[in-house]
Q: 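Okay, handing you the structure first.
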There are 2 protein chains.
Amino acid sequence: MPKSKTNHRKSHLGSRRQPEVSRAAILQAAVEEFARDGIAGARTDAIAHAAHVNKALLYYYFKDKEDLYQAVLDQVFSDLLEKIMRALAGPGSPQQRILAYAGAHFDYIAENQLYPRIVLGEMTRMRLGKPHSFGRITMRYFTPLFQKLAELLRDGQKTGEFRAVDPEQFVPSMIAVIVFYFNSAPIMKLMSGKDPFSPERLAVRRAAVLDFISAALFCPSAAGKGELK
Amino acid sequence: MPKSKTNHRKSHLGSRRQPEVSRAAILQAAVEEFARDGIAGARTDAIAHAAHVNKALLYYYFKDKEDLYQAVLDQVFSDLLEKIMRALAGPGSPQQRILAYAGAHFDYIAENQLYPRIVLGEMTRMRLGKPHSFGRITMRYFTPLFQKLAELLRDGQKTGEFRAVDPEQFVPSMIAVIVFYFNSAPIMKLMSGKDPFSPERLAVRRAAVLDFISAALFCPSAAGKGELK
DNA sequence: AGTATCTAACTAACCGGTTAATTAGTAATG
DNA sequence: CATTACTAATTAACCGGTTAGTTAGATACT
């Protein structure tokens, strides 16, 4: 692999003189490390090593561990929110749109299984009294999503497609059903032996999630109008 | 500072010559500390201080931090499982029994809000490939509960009360709805301003959970037979 | 074109505070 | 006096963060 005269053969070739490559590598490594053990358990040494970068470089690009963590959260949530909002803004009846949302949310997580770990971990970590470094994230990402979903639920209730559920209760329940599987997957694996992340199992789960939500939300009278396959 | 020979009230009065008191104090303090930040973030100093005990005493009763953590998990789960199993073993139709279970599970968590933090934290922490120190817990506590619930679901399907859901999919969904609220509570608080743990809000949530499960599971034909109040 | 200057990108080595764990012992009890 | 319960003091490792540089390329000047 001749690489012009200025060949610097260390082993961490991947990232010399390439700021955004290095920065992205750090961020990706940080996502994985933070997903594993949260901010407390994450090791800056491990992040640096995984990114094939010297540890000091973390502090070149980010103020400190907390700042890096915030950057990770921002990346995770902005990406997620963008995809979900697009699905929510699509055409169709409230039934079709809520299922489109749920499917998109599920699909996104299925492709990025680290993300719910970070989210749930962070939720679990933030206490009610404490100063909330997570508050920024809530305002910027959760609130818009929540309100859009609540609005959609009210729409469906107006058309008579949805049961008279309280959005403030229904939205978290729905998200729970979508997300929880990926966190409990290791236990399912232990119990069933099967790999919960295989394409077949994911397809089964996806269908089950949509069925669960449909049954819990749609009026019995007007059944079978959503896309269930 | 005169200090008669048998005078040992230093400040850690609570626990001299009282092995089980000390041990229990350590365990309770450990539950709270582990719930906050997981095993990685928990500080043995903090546990000892909260238990009004010298740190070395932790190592008198427990081999190391990991061992203490396992003891905490055992206490949490055995307690939870016992209460839930009792509710599951009660009398009544499958409809009534599944709602009794869900209500009991909800109530238990409402009273011990630290527990789902530990559980979810632990789920999040265990990776698919890694050696599973959590496997013991799974076998001892999760599997029996899961199988009992699956059995109940099949019972209800036989009597025609329940829809033809796949227990392997439905059980995790149901647990998700019951549990998730307590983990997302801090965010809900930020968004709504209201305290998600106030008795009124808990009652509302409890009703919503039972309604959600009822709607998702019970056959539309045979509605309104469970206890919904 | 060549070279001097400048700077962004990056690293090796280290530092001091923290933390899990140990040790060596003291005090109570039967 | 032997065993159980418990602690002060200590240690070794770890870990977040810093520092003092080096390297590679861009720009300026000749």
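Every chain is numbered from 1 and lettered A, B, ... according to where its sequence line falls, protein lines coming before strand lines. No experiment lies behind these values; they were computed from the predicted model shown.
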Q: Take the angle between the ring planes of A:F182 and A:F197 and call it parallel below 30°, perpendicular above 60°, tilted in between.
A: parallel
Q: In whole Å, what is the span from the NE2 atom of A:H49 to the P atom of C:dT11?
A: 12 Å
Q: Starting at the 5' end of DNA chain D and moving along, which residue's nearest nucleotide shows up first, B:N54 or A:R43?
A: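 Checking each residue's closest nucleotide, the 5'-ward one belongs to B:N54.
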Q: Would you say a side-chain N or O of B:Y59 is under 4.0 Å from OP1 or OP2 of C:dA21?
A: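 For B:Y59, the contact criterion (side-chain N or O under 4.0 Å from OP1 or OP2 of C:dA21) is met.
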Q: Nearest whole Å is fine: how far is C:dT19 C1' from B:I47 CD1?
A: 12 Å
Q: To the nearest Å, give me how far apart CG (A:L57) and P (D:dT22) are.
A: 18 Å
Q: Provide, to the nearest angstrom, the distance between the CZ atom belonging to A:R23 and the C1' atom belonging to C:dC10.
A: 16 Å
Q: Let me confirm one number: the CG-CD1 distance from A:L149 to A:I175, rounded to the nearest 0.5 Å.
A: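 Those atoms lie 6.0 Å apart.
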Q: Return the value, rounded to whole Å, for the distance between atom CG of B:L58 and atom C1' of D:dA5.
A: 14 Å
Q: Could you tell me whether A:A42 contacts a base, only the sugar-phosphate backbone, or nothing, with contacts defined as non-hydrogen atoms closer than 4.0 Å?
A: sugar-phosphate
Q: Between the base of C:dA21 and the side chain of B:K65, is one N or O donor paired with an acceptor at under 3.5 angstrom?
A: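 Absent.
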Q: Which comes earlier along DNA chain D counting from the 5' end, the contact point of B:A56 or that of B:E20, where each point is its nearest nucleotide?
A: B:E20
Q: Can a salt bridge be assigned to the pair B:R201 and A:E168 using a cut-off of 4.0 Å between side-chain N and carboxylate O?
A: yes
Q: Do the side chain of B:D45 and the base of C:dA20 come within less than 3.5 angstrom through a donor-acceptor pair of N or O atoms?
A: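 No, the side chain and the base share no sub-3.5 Å donor-acceptor pair.
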Q: Could you tell me whether the phosphate oxygens of D:dC6, OP1 or OP2, come under 4.0 Å of any side-chain nitrogen or oxygen in B:Y61?
A: yes
Q: Does B:T44 put a side-chain nitrogen or oxygen below 4.0 Å from OP1 or OP2 of C:dT19?
A: no
Q: To the nearest Å, how far apart are A:D64 CG and D:dC15 P?
A: 18 Å
Q: CZ of A:F62 versus P of C:dC10: gap in Å, rounded?
A: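 It works out to 12 Å between those atoms.
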Q: Can A:E151 and A:Q147 be counted as having a side-chain donor-acceptor contact under 3.5 angstrom?
A: no
Q: Quick check for you: among D:dT7, D:dT19, D:dG17, whose closest atom lies nearest to any side-chain atom of A:K55?
A: D:dG17
Q: State whether A:S22 places a side-chain N or O below 4.0 Å from either non-bridging phosphate oxygen (OP1 or OP2) of C:dC10.
A: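 Result: yes.
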Q: Closer than 4.0 Å, any side-chain N/O of A:Y60 to the OP1 or OP2 of C:dA9?
A: yes
Q: Mind checking if B:A48 touches a base, just sugar-phosphate, or nothing, with heavy atoms under 4.0 Å?
A: nothing
Q: With the threshold set at 4.0 Å, does a side-chain nitrogen-carboxylate oxygen contact exist between A:D107 and A:R206?
A: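 Salt bridge between A:D107 and A:R206, a charged N being under 4.0 Å from a carboxylate O: yes.
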